[in-house]
Protein chains: 2
Amino acid sequence: MPLLTTDQADCCAPVTAGVMEAEDAKQLARMFKALGDPTRVRLLSMIAAQSGAEACVCDLTEPVGLSQPTVSHHMKQLVDAGLVTREQRGKWSYYAIVPETLAMLSAVLDPRSLPAG
Amino acid sequence: MPLLTTDQADCCAPVTAGVMEAEDAKQLARMFKALGDPTRVRLLSMIAAQSGAEACVCDLTEPVGLSQPTVSHHMKQLVDAGLVTREQRGKWSYYAIVPETLAMLSAVLDPRSLPAG
DNA sequence: ACATTGTATTGATGATCGTCGATACATCGA
DNA sequence: TCGATGTATCGACGATCATCAATACAATGT
């Protein structure tokens, strides 16, 4: 179940642009919560570091030093948040970064939208 | 207790720039976790919406519809994460956005640092 | 000094989370 | 079809979290 039914790039106005609607805040918080765990931050950076910004679980389990079910669990969080996609190729699951979601979150946090300047 | 002893703007390389060190991931995750709650996202946007990007608890309690201790608790999370500062002026606590932290997180998520382009 | 007002802290409770082992599902090769 | 391999799900457990009522702390005015 994806997080956003509409295009993620159009989710929300910047956090710094004014009072945010409760629903927008809920969606944003869900994505930030997915980033709110050290293991998931590392997993995301490890995927991004691969050529083509994609990786299979087999590439990720050993470096993070956690069990395979735990890595699968974290990857599911990232997929549900819309930060990565999952594609089955043969026996392997390949996870790829969703640049649009990262760009949206990056824009939301941009302090250049602050009223005072 | 602040999150970072060093300058927050120099915390970490972009998530998309390569494999991240465990310590950097830990620090980033702590900040993202602070953003991982809808109430805190709204509080942050409400502070940003105020002139001068600052607000007191009295301005925040009623709009979010939660008790005063709960709002104080959330604000402490945001302060500890380095996203806002607290300044006591008379009886009131004024919270202000820390643009540098937002800028750092925004840069960390910028997908333009992806190896593939 | 004392009452008032704004905010922080404490203690408690129900909910969610991160982790694992065990197991189920899926895909491939013989 | 059957075993092997990669991944996802299930069930459980301890830890953390969001929330509140009660209370403590801090600053102001009388």
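On a predicted model such as this, the values are computed, not experimentally measured, just so you know. Note on naming: letters A, B, ... go to the chains in the order of the sequence lines (proteins, then strands), and numbering restarts at 1 for each one.
Comparing A:H74 and B:V71, the nucleotide of DNA chain C nearest to each residue sits closer to the 5' end for B:V71.
Where DNA chain C meets chain A (any atom under 4.0 Å from a heavy atom), the bounding nucleotides read 5' to 3' are C:dC17 to C:dC28.
A distance-only check finds a donor-acceptor pair linking the side chain of A:T61 to the backbone of A:V57 [under 3.5 Å].
Distance check: A:T101 OG1 to A:L78 CG gives 11.0 Å after rounding to the nearest 0.5 Å. With values rounded to the nearest 0.5 angstrom, B:R86 atom CZ is found 8.0 Å from B:S72 atom OG. Separation of atoms CG (B:L109) and CG (A:D110) is listed at 11.5 Å; rounding is to 0.5 Å. Once rounded to the nearest 0.5 Å, the distance linking CE of A:M31 with CD of A:Q77 reads 14.5 Å. The line from CG of B:L44 to OH of B:Y95 is 13.0 Å long, rounded to the nearest 0.5 Å. In this structure, CD in B:Q68 is found 14.5 Å from CD in B:E62, a value given to the nearest 0.5 Å.
At a threshold of 4.0 Å, the pair B:R89-B:E54 counts as salt-bridged, since one of the basic side-chain nitrogens sits closer than that to a carboxylate oxygen.
The stretch residues 57-70 of chain A comes close to DNA chain D through A:V57, A:C58, A:Q68, A:P69, each having a heavy atom under 4.0 Å from the strand.
For the pair B:M75 CE and D:dA18 C1', the interatomic distance rounds to 16 Å; values are reported in whole Å. Atom CD in B:Q77 sits roughly 11 Å away from atom C1' in D:dT16 (whole-Å rounding). Protein atom CG of A:D80 is 12 Å distant from nucleotide atom P of D:dA8, rounded to whole Å. Per the geometry, CD belonging to B:Q88 stands 6 Å off P belonging to D:dA27, to the nearest Å.
Comparing D:dT7, D:dT5, D:dT19 by their closest approach to the side chain of A:W92 singles out D:dT7.
Proximity of A:Y95 to the phosphate of D:dA8: a side-chain N or O atom is located under 4.0 Å from OP1 or OP2. Dashed line: the shortest gap from a side-chain N or O of A:S72 to OP1 or OP2 of D:dT9 is not under 4.0 Å. OP1 or OP2 of D:dT7 has not a single side-chain nitrogen or oxygen of A:R86 nearer than 4.0 Å. Contact annotation: A:R89 side-chain N/O to D:dG6 OP1/OP2 distance is not under 4.0 Å.
Hydrophobic cluster membership differs between A:L43 and A:Y94, with clusters built from Ile, Leu, Val, Met, Phe, Trp and Tyr side chains linked at under 4.5 angstrom.
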